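Starting from 1, each residue takes its place in the sequence as its number. Since the model is a prediction, treat every value here as computed from it, not as a measurement.
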Amino acid sequence: MPISGVWLPIITPFIDGKIDYTSYKRLIDHYADKGISGLIPLGTTGEIPTLTDYEFEEMIEKTLEFNKGRLPIYVGVGGNYTAKVINKAKIAKKYPIEGILSVCPYYNRPSQEGIYRHFISIAEETGLNIIVYNIPYRTGTNIENETLYRLAEHKNIVGLKDSCGDIKQTMALLLNRPENFSILTGEDILFYLTLTLGGQGGILASSHLKTELFVDVYNKVKNNDQNAALKTWRQLYPFIPLLFKEPNPAPIKYCLKELGLLDSDELRLPLTQITDPLKEKLDQVLNFRKYK
């Protein structure tokens with residue numbers, strides 16, 4: 001069954017330098033009833049580069065414990081050394097998860113053949129379902145559509161988080177989607193467009209806020225009511241860019257703290273808390289005063 005709907009790449013809360021599992025449980029309980037299709041812990045929105053190996057495994061355990069089987073879970077497992085990614089994926093496989101979200105190898109800028117062999121090796125060595133993550137403005141290398149077509153032939157490579165940054169590439173893929181392969185946008189601002197062109201949904205950091213409206217857009221498009229979906233989308237469109245005006249997930253953590261869902265908006269270096277001008281803009285657009 002294709003992966004579809006609104007998927008939440010959930011943040012990792014910190015307080016006094018440690019993972020705040022009290023707030024994390026609160027978040028999972030909150031989002032479990034919002035209509036999202038699943039959770040993705042340990043992605044870049046979850047600040048995975050700053051977590052230790054011990055915290056990586058503990059986060060999987062706590063996610064499963066707090067989730068209580070309510071939502072499907074894909075875990076972020078990526079890197080630029082294939083053997084190391086395979087080893088980490090094998091750790092994740094010990095747990096009852098649906099699969100992994102794995103980013104294109106970054107910094108070393110592999111060829112298309114290297115990218116293909118990287119993901120095929122993970123799929124064959126672990127047997128896990130894989131959502132490939134293409135985000136070239138962070139990784140330095142684009143996964144071309146022809147490479148994605150080759151990867152989609154493997155039964156365990158089940159979808160794409162598309163943040164390619166090239167609308168022509170995105171449209172070409174959406175209009176020629178491989179069979180039984182899900183295309184989920186990772187560009188939050190393109191969520192409505194992706195759905196209307198036949199995409200299956202989105203992995204959306206901004207859906208931490210106004211979650212029900214993102215779900216409503218998805219449901220209305222899938223029910224062939226694009227006009228009603230667009231009306232809802234107009235309510236979401238203005239605030240999404242603000243959440244990425246400074247490095248993600250700092251703006252989202254600030255908002256979640258203001259809403260009482262987090263005890264702290266702490267991040268781990270090199271990320272820092274957002275500036276006062278952005279706080280003021282978010283307060284204004286999202287009307288946080290009414291929650292205080």
Determine the minimum heavy-atom distance between T141 and T139, stating which atoms define it.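 Minimum heavy-atom contact is O-OG1, 3.0 Å.
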Residue pair C164 / N142: nearest heavy atoms and the distance that separates them:
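Nearest pair, atom of C164 first, then N142: CB-OD1, 4.0 Å.
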### Message
Taking E266 first and then K257, would you say they form a salt bridge - that is, a charged N and a carboxylate O separated by under 4.0 Å?
### Response
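Not counted as a salt bridge, because no side-chain N and carboxylate O are separated by less than 4.0 Å.
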Any donor-acceptor pair under 3.5 Å from [X] side chain to [Y] backbone:
| X | Y | result |
| --- | --- | --- |
| D263 | D20 | no |
| Y74 | N129 | no |
| E212 | K34 | no |
| E246 | T275 | yes |

Indicate whether the side chain of [X] and that of [Y] have a donor and an acceptor atom separated by less than 3.5 Å.
| X | Y | answer |
| --- | --- | --- |
| Y95 | E61 | yes |
| E47 | T12 | no |
| Y31 | N67 | no |

Notebook entry, point to check: Rounded to the nearest 0.5 Å, how far apart are CH2 of W7 and CG of L184?
Noted result: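 Answer for the CH2-CG pair, W7 versus L184, is 8.5 Å.
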| Other than L271, which residues form its hydrophobic cluster under the rule that side-chain heavy atoms must be closer than 4.5 Å? |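 In the cluster with L271 are L267.
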Q | Pair K279-Q273, side-chain contact (heavy atoms from CB on, under 4.5 Å): steps then yes or no | A | CA-CA 10 Å; K279 289 179 181 178; Q273 293 170 324; 5.5 Å; no
Query raised in the report: Would K62 count as a cation-pi partner of Y24, with NZ or CZ less than 6.0 Å from the six-membered ring centre and within 45° of the ring normal?
Result: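 No cation-pi geometry.
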**OP:** Name the orientation class of the two ring planes belonging to F214 and F191 (parallel below 30°, tilted from 30 to 60°, perpendicular beyond 60°).
**Re:**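 The rings of F214 and F191 sit tilted, inter-plane angle from 30° to 60°.
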